[in-house]
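The basis for the numbers below is simple: all heavy atoms, side chains too, and nothing from hydrogens, waters or symmetry mates. Counting convention: from 1, in listed order, for ligands and their atoms alike.
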Amino acid sequence: MTSFIKQRMTQPPPYIPFLDEVLLTEAQIQERVTELGQVISQHYAGSQNLLLVCILKGGVLFLTDLMRHITVPHTIDFMAVTSYGEGARASSGQVRILMDLAQSINGRDVLLVEDIVDSGNTLSYIINQLKARHPHSLSICTLLSKPSRREVEIPVDFLGFEIEDKFVFGYGLDLDERFRNMPFIGVVKREALG
Ligand code: PRP
């Protein structure tokens, strides 16, 4: 047995000190992602130019799982944005593009894939930017939504789970940039938030 495997078997996972409770298990997430993939496939049946746009970095795990369940031919692209100001999430309302799409979306069916809609400021900004590029359609798919935190109305077309206002991490969502690889979504311990 390699030392790496031995270490994995004897040491607790590194997220344990930060984990208050599991909010959504891996099985719950995978079941919902499968359902979303089926609904999205039905919605876009016949589309010749579907483009999934993943908002980095949080949306990465969701995108890669979701696209396995989308039966309509499609391509993928990525955008990275950042917010000015304080806060662990992009809640300041001031957003700018760090990395733009590599291709034109003119005339295409664009589906934005996000991990979470919180204040709504990030998606509001992205929607405005992308609408100006004249896609054929522009829809939103988010795994999580915190409606109680909303500052801007966001028309979510495909939703995984509505959640309460708790700081969550895992399955793409980070805690100080770490633990995005957790296959489930957990609530962060209060003490760990400082
Ligand atoms: C998170 C999340 C959304 C945004 C939602 O991104 O991925 O993009 O915040 O917040 P909002 O609705 O209040 O705008 P974050 O800025 O943490 O970047 P990351 O995805 O790279 O972790």
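- Close contacts of ligand 1 with K57, meaning ligand atoms under 4.0 Å from a residue heavy atom, involve 19 (P), 20 (O), 21 (O).
- The proximity of L56 to ligand 1, defined as any non-hydrogen pair under 4.0 Å, is limited to the backbone.
- On a distance-only criterion, G58 and ligand 1 share at least one N/O pair closer than 3.5 Å.
- The shortest N or O to N or O distance between V117 and ligand 1 is not below 3.5 Å.
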Quick one: side chains of residues 155-166, donor-acceptor pairs under 3.5 Å with protein atoms, not counting sequence neighbours, listed by atom name and distance.
| unit_1 | atom_1 | unit_2 | atom_2 | d |
| --- | --- | --- | --- | --- |
| D157 | OD2 | I140 | N | 2.8 |
| K166 | NZ | E21 | OE2 | 3.3 |

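- Residue contact check for ligand 1: K146 places no non-hydrogen atom closer than 4.0 Å to it.
- Separation of the F18 and F179 ring centroids falls under the 6.0 Å cut-off.
- Looking at Q30, its side chain never comes within 3.5 Å of a backbone N or O of Q28 through a donor-acceptor pair.
- The closest side-chain heavy-atom distance from V110 to S137 is not below 4.5 Å.
- For the pair R108 and D77, the salt-bridge criterion is not met [side-chain N within less than 4.0 Å of a carboxylate O].
- When the heavy atoms of E177, M79, E114 are ranked by distance to atom 3 (C) of ligand 1, first place goes to E114.
- Only side-chain heavy atoms of D174 come within less than 4.0 Å of ligand 1; its backbone N, CA, C and O stay farther off.
- Smallest separation of non-hydrogen atoms from L51 and I76: CD1-C, 3.8 Å.
- Contact annotation for D115 and ligand 1: only side-chain heavy atoms (C-beta onward) come within less than 4.0 Å of the ligand.
- Taking the six-membered ring where the residue is Trp, the centroids of F169 and F184 are separated by 6.0 Å or more.
- Near S119, meaning under 4.0 Å from one of its heavy atoms, ligand 1 places the atoms 11 (P), 12 (O), 13 (O), 14 (O).
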